[in-house]
Each structure stands twice: as structure tokens, then as C-alpha cells.
Protein chains: 2
Amino acid sequence: MSRLDRSLITGLPPFQGMTPADLDRVLQQARSLRIAKDQTVFEQEGEAHSFFLLLDGHVRVVKTTPDGQQVIVRYISPGELMGIAHALGRTTYPASAVAAVDCVVLAWPGNLWPDLAGSFPSFATGTYKTVGARLQEAQARVVELATEQVEQRVAHALLRLVKQTGRKTEEGILIDFPISRQDIAEMTGTTLHTVSRLLTAWEERGLVKSGRQKVTVVEPHRLFALAEGRAEKG
Amino acid sequence: MSRLDRSLITGLPPFQGMTPADLDRVLQQARSLRIAKDQTVFEQEGEAHSFFLLLDGHVRVVKTTPDGQQVIVRYISPGELMGIAHALGRTTYPASAVAAVDCVVLAWPGNLWPDLAGSFPSFATGTYKTVGARLQEAQARVVELATEQVEQRVAHALLRLVKQTGRKTEEGILIDFPISRQDIAEMTGTTLHTVSRLLTAWEERGLVKSGRQKVTVVEPHRLFALAEGRAEKG
DNA sequence: GAGACACTTTGATCCAGCGCAAACCGCGGC
DNA sequence: GCCGCGGTTTGCGCTGGATCAAAGTGTCTC
């Protein structure tokens, strides 16, 4: 394992307000890992031996039901923590994390959490802010699933992805990792068939452009109107 | 405002491991409030001036969508914290809280949070455990809404209520506050009509007994089997 | 550059659950 | 003890999306 440079994590939300010396101390405890596409970072129900920071790539957090159905809880972007079960008093991961592309992550032993949180209050509060934000997000999705039609839910999901990982191109804003119809279906509680139909319909209207494992949002505003349930003319 | 006795909160999860003197100090900062049935404790979007502990009664946490649909996020039982937006770095309440029956709550000024959390680490960690549990719960509901049929969702919702607030009677386990078909519908993303039909069907099969604003679960095990999607014979 | 595999599109059918409408209580108030 | 209101039941028709089925199509391998 090579020495980790503090520039890797300087300025990231969880580490804000820490001195360079602090950062080095924290990094000394971490291992850096390379995760190949489709490999799992941690496994649902598995013992929470570590928590992680995504340095590069994109990770899909997935819950699998007893009967094998999958639901994508969220995507993790670079700079975000994941697998922080320990911080919440849990000893087991509530979901699996799968690399959507080749990734680089930092891993800390889980039992280090109390130590880190104690020594670096800003790290602790930063983490809890993240948790708070995710709680918000989860509850917003509950409301969405409980009240919206499929079309609106898919539109919302795309907009969330665009905001989180969108990359500007000449055609519009591209979701910056391979994402299939099936993935979108698992984010929104529908089927890949319905997602496919929606995307082709939207493409005909000029809202998006999409291809194999690829979606570009051409007209975010119109898509947003759709997500809000404001049907558009034509 | 009368002096508050520490026995009110002794032994509650958030205050575990605090000395009597600590408890008194914490209570000195709190006001106790009486909230009449159907009054709101705090309002969605409102500035988060306080956080609360429910001492007695039951509180419904409700999110309202822009177009007026309501979703019941959760019920709060005695001993639970609510309105802890401040602890999560938010300045505004993400939902409204409405008394399901006459309630008694303790209220602390929100800006006291950092102070309390700093002085009483066990209070802080206890709170974060609660938040963690709620995140879990919210994500479980996302999975439920995304993968289950209405019948299973309603069954799950009833079982959750039974576990949280069930009171044993001769007929079975009674949900211990007035709850309408509409309420159940708003917990599960369906309509009061469908809930009504389900309850009558279940009543015919001897799983539950229900009446005006009242549900008693007679056979939790069979209801659980139903919730898990294991259809029953007959 | 041929073949295979994984992803996507599209069609056809079906049904769970919604929306609407109307009747039906149980309970509190006067 | 009657009235009225808020909650509940029930019937019926309709439809958004699921399910089933099969035919395209982009991309990687050898």
C-alpha cells in the first residue's frame, strides 16, 4: 500500500476544517482500493467491517428483497462517504454497493469510527449532515413513490442523476456513467419496458437523447415541468 | 411554567447514561407543552425554532406535496424525539407534526442543540442512532413502495403500528389511537377505498377487527404471512 | 468481420387498483 | 332522542402499467 497524499481528500465536505496534519493522521488509517466495474464494495447483510470514501468512479447502492427484486437506493459520487453503518450504531450493511465503473475508494476499519468522530468533531458533524441529507432524500422518495405516476418518477430520477453527475456535452447534459433501462426501472419502482417506452416518447418530443446504457437530457426545463406534473402542450 | 421532574425523561433512550444532575440541567432548558388533538406541533417549511420530545400521546408526521396530497411519514410514540432538523444541519422542518390525540411534549430551543450535544455526548450519539434508525426505516419503505402490492404494503403498515403502539385486548392487539382508513391510505400510497376493501376482506377471514377509527389485529402471524407475500390457503 | 451476448424496442393482452358515485352508519351535540 | 357530520362501505367502469412474447441493434470477442 502506497502512502496516500492528503490532497486526495482536502476540501471534501467530511474533512472540511481539518488541518493538514489531521488529514495525514486520518489518511494513515485508511487503505486505498481499486474496485473493478461490477465488483461489490460491500455486501448487504455483511458485517460492517469498514466504511468508505469514494475517490473516483460511481457506485450503485442496491437493496435486494427476499424474493430477489432489486431496488437502487442511490448512486454515490466521488467525495461521498458510503457504508457508514457504524456511525449509525449498526453492525451490518443495509445494502450492497456495486461499482458502476472502475472505482477508487478509501477504506477505514469500522471500529475506528468512534475514535475519528471523537478526535475530529467537524468530521462527525459533517457525516451527520450527510446522514441527515440522505434521510431527507429517502423521505422525499417515499412521497414520490406514494403520490406520483411512473412518468413523473422517472423524470425526477433522471433529473436527480443529471444534477448529481451530469456532464455538459454539445447535445445536452449526459449522465456520466453507463446506466441501463433496467437500472432506471430499479430506481423508480417500474419495469425496463415502461422506462424504454417513456424514453422513446421523450426522445420524439426532443426532451432527451438516449442510447445503449446512455441518457442525455436535452431540455432539463421541459423534463422538470413534466416531473412536476405540469403536462406540456403538444 | 412549572418545574419539570427528571423522572419524566429518566431512562429514555436519548437520555440514557446521564446523571440526575445532568437531567435536571437539560430539563431546565425545556418547556412543557400541552397539544390538543389535531393541533400541530410544528409546521412543514416553518423555521425550526425548537426540537421536541413527546412525553404522552401520539403524533402524526405528515408531508404535503405541492398539489395538496398528504403522506404520513411516521407516527411518533412517547419517549421519541421529533423535529430534530437542527441536529441534521437543517433550519426548516421537512414535515408537519399533528397530534393524533391530546399530547404532552417537551420543547427545547433549537439553537441549544450544539450545546446539548457537546455537553452530553451520549445524548448526541443516542440521537444519531435514532436518525440512523429512521434512515433505515425510510429506505425500507422505499423498497416496499417500489416492489410490493397494495395489500402487502397495508399489511406491513398495520404490523408496524401494532409493534409500535399495540395494546393487548381480549380481541387481539389494538392500535392505540384513532386511525382512519384515510390515514392508513396516506401511509401506504393508496386510497381509503382500497384500504376499506382490504380491511373488510381481512375481517371476513378473521385476521383483523375494525371499526370507526379503530383497528385491532387479531392474528398477527397470518397478517405477517400476507405482508411477506405468502398467500394463505382458503 | 462473423457470431454472440446483452441491452433495447415494440406489440398485444390483462388486471390491480383508482376514480367516481351513492348509500350507509356511529357518534357527538343540542 | 333526533340531527348532522365525518367516517365507512360498496358497486362499477376505466386505465396505467405490468406481464408475456418476440424481434431488433450496438458492442465486444476471437
Side-chain angles (χ1 to χ4, degrees), chain A residues 36-38 60 65 67-72 98 100-102 144-155 157-158 175 177-205 208-216 226 229 231, chain B residues 36-38 60 67-72 98 100-102 144-155 157-158 175 177-204 208-216 226 229 231:
Chain A
K37 182 177 181 201
D38 295 330
R60 195 166 54 234
T65 64
D67 57 318
Q69 291 185 80
Q70 304 215 327
V71 176
I72 297 182
V98 181
V101 295
D102 292 350
E144 227 179 87
L145 283 160
T147 62
E148 295 179 359
Q149 309 253 106
V150 169
E151 184 171 41
Q152 301 178 54
R153 300 206 302 267
V154 174
L158 286 189
I175 292 169
F177 54 83
I179 184 166
S180 69
R181 308 290 180 264
Q182 176 70 35
D183 291 332
I184 298 174
E186 288 177 4
M187 298 179 70
T188 50
T190 180
T191 62
L192 77 164
H193 307 275
T194 299
V195 172
S196 175
R197 283 181 237 269
L198 282 173
L199 286 181
T200 23
W202 290 346
E203 187 141 12
E204 278 164 14
R205 296 209 258 153
V208 304
K209 289 207 135 219
S210 73
R212 195 191 176 77
Q213 310 222 78
K214 175 165 98 59
V215 178
T216 305
L226 228 166
Chain B
K37 181 175 182 202
D38 295 328
R60 197 167 52 234
D67 56 318
Q69 292 186 79
Q70 304 216 329
V71 176
I72 297 182
V98 182
V101 295
D102 291 350
E144 226 178 88
L145 283 160
T147 64
E148 294 179 358
Q149 309 252 103
V150 169
E151 185 172 39
Q152 300 177 54
R153 301 207 302 267
V154 174
L158 286 190
I175 293 169
F177 53 84
I179 183 166
S180 69
R181 309 291 181 264
Q182 177 70 33
D183 291 333
I184 299 174
E186 288 177 5
M187 300 180 69
T188 50
T190 180
T191 62
L192 78 163
H193 308 275
T194 298
V195 172
S196 174
R197 284 182 237 270
L198 282 173
L199 286 181
T200 23
W202 290 346
E203 186 142 10
E204 278 164 14
V208 303
K209 289 209 134 215
S210 73
R212 195 190 177 77
Q213 309 221 77
K214 173 165 101 58
V215 179
T216 305
L226 227 166

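Chain letters run A, B, ... following the sequence lines, proteins first, then strands; residues in each count from 1. No hydrogens, no waters, no symmetry mates; every other heavy atom, side chains included, goes into these values.
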Notebook entry, point to check: With B:T200, which residues qualify under side chain to side chain contact (heavy atoms under 4.5 Å, CB included), at least two apart?
Noted result: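 B:T200 satisfies side chain to side chain contact (heavy atoms under 4.5 Å, CB included) with no residue once adjacent residues are dropped.
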Margin query: Holding to side chain to side chain contact (heavy atoms under 4.5 Å, CB included), I want the full list of residues that pass it with A:Q149, two or more places apart in sequence or in another chain.
Written below: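 Side chain to side chain contact (heavy atoms under 4.5 Å, CB included) list for A:Q149, sorted by chain: A:Q152.
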Measure [atom1]/[X] against [atom2]/[N] and give the value in whole Å, please.
| X | N | atom1 | atom2 | value |
| --- | --- | --- | --- | --- |
| A:L192 | C:dT9 | CG | P | 9 Å |
| B:E151 | C:dA16 | CD | C1' | 11 Å |
| B:R197 | C:dG17 | CZ | C1' | 8 Å |
| A:L198 | C:dT8 | CG | P | 14 Å |
| A:Q152 | D:dG16 | CD | C1' | 13 Å |
| B:E203 | D:dT10 | CD | C1' | 15 Å |

Next item on the list: For the helix from C:dG1-D:dC30 to C:dC30-D:dG1, figure out the bend between the end axes, five pairs an end, and round to 10 degrees.
Entry: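 It comes to 40° between the two terminal axes.
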Note to self: Donor-acceptor check, side chain of B:D102 to backbone of B:K37, threshold 3.5 angstrom: yes or no?
What the structure shows: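 Side chain of B:D102 to backbone of B:K37, a donor-acceptor pair under 3.5 Å: yes, one is there.
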Taking only side-chain nitrogens and oxygens of [X], does any of them come within less than 4.0 Å of OP1 or OP2 of [N]?
| X | N | value |
| --- | --- | --- |
| A:S196 | C:dT8 | no |
| A:T194 | D:dA18 | yes |
| A:T191 | D:dG17 | no |

Next item on the list: Sorted by first residue and then second, give each salt bridge (charged side-chain N to carboxylate O under 4.0 Å, His left out) pair with at least one member in residues 182-204 of chain B; sequence neighbours left out.
Entry: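 Matches after skipping sequence neighbours: none remain.
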Does some side-chain heavy atom of [Y] sit less than 4.5 Å from a side-chain heavy atom of [X]?
| X | Y | result |
| --- | --- | --- |
| A:E151 | A:W202 | yes |
| B:R181 | B:V215 | yes |
| B:Q70 | B:I72 | no |
| B:L199 | B:L158 | yes |

Next item on the list: Would you kindly check whether a donor in the side chain of B:H193 faces an acceptor in the base of D:dT8, or vice versa, at under 3.5 angstrom?
Entry: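 Donor-acceptor pair under 3.5 Å: no.
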Check: Has the side chain of B:R153 got a donor or acceptor atom sitting under 3.5 Å from an opposite partner on the base of C:dG17?
Finding: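 Answer no: no donor N or O sits under 3.5 Å from an acceptor.
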Check: Which value, rounded to the nearest 0.5 Å, describes the distance between B:I179 atom CD1 and B:Q213 atom CD?
Finding: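 The distance works out to 9.0 Å.
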Margin query: Let me confirm one number: the CZ-CG distance from A:R153 to B:L145, rounded to the nearest 0.5 Å.
Written below: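 It comes to 9.0 Å.
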Margin query: To check you understand the geometry: which heavy-atom pair defines the closest contact between A:A157 and A:M187, and what is its length?
Written below: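 Looking at all heavy atoms of both residues, the shortest contact is CB-CE, 4.5 Å.
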Item checked: Sub-4.0 Å heavy-atom contacts from residues 178-190 of chain A onto DNA chain D, ordered by number ->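 Correct list: A:G189, A:T190.
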Notebook entry, point to check: Of all the nucleotides listed (C:dC20, D:dG17, C:dT10), which has the minimum atom distance to the side chain of A:V150?
Noted result: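 Comparing C:dC20, D:dG17, C:dT10 against the side chain of A:V150, the answer is D:dG17.
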Check: Side chain of A:Q149: nearest nucleotide among C:dT10, D:dG17, C:dC7?
Finding: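 Nearest to the side-chain atoms of A:Q149, counting from C-beta on, is D:dG17.
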Check: Pick one: which of A:L198, A:V195, A:T194, A:L192 meets side-chain contact (heavy atoms from CB on, under 4.5 Å) with A:I184?
Finding: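 Going through the options one by one, the only one that passes is A:V195.
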N/O to N/O distances under 3.5 Å, protein versus nucleotides 24-30 of chain C:
from	atom 1	to	atom 2	distance (Å)
C:dG26	N2	B:R212	NH2	3.4

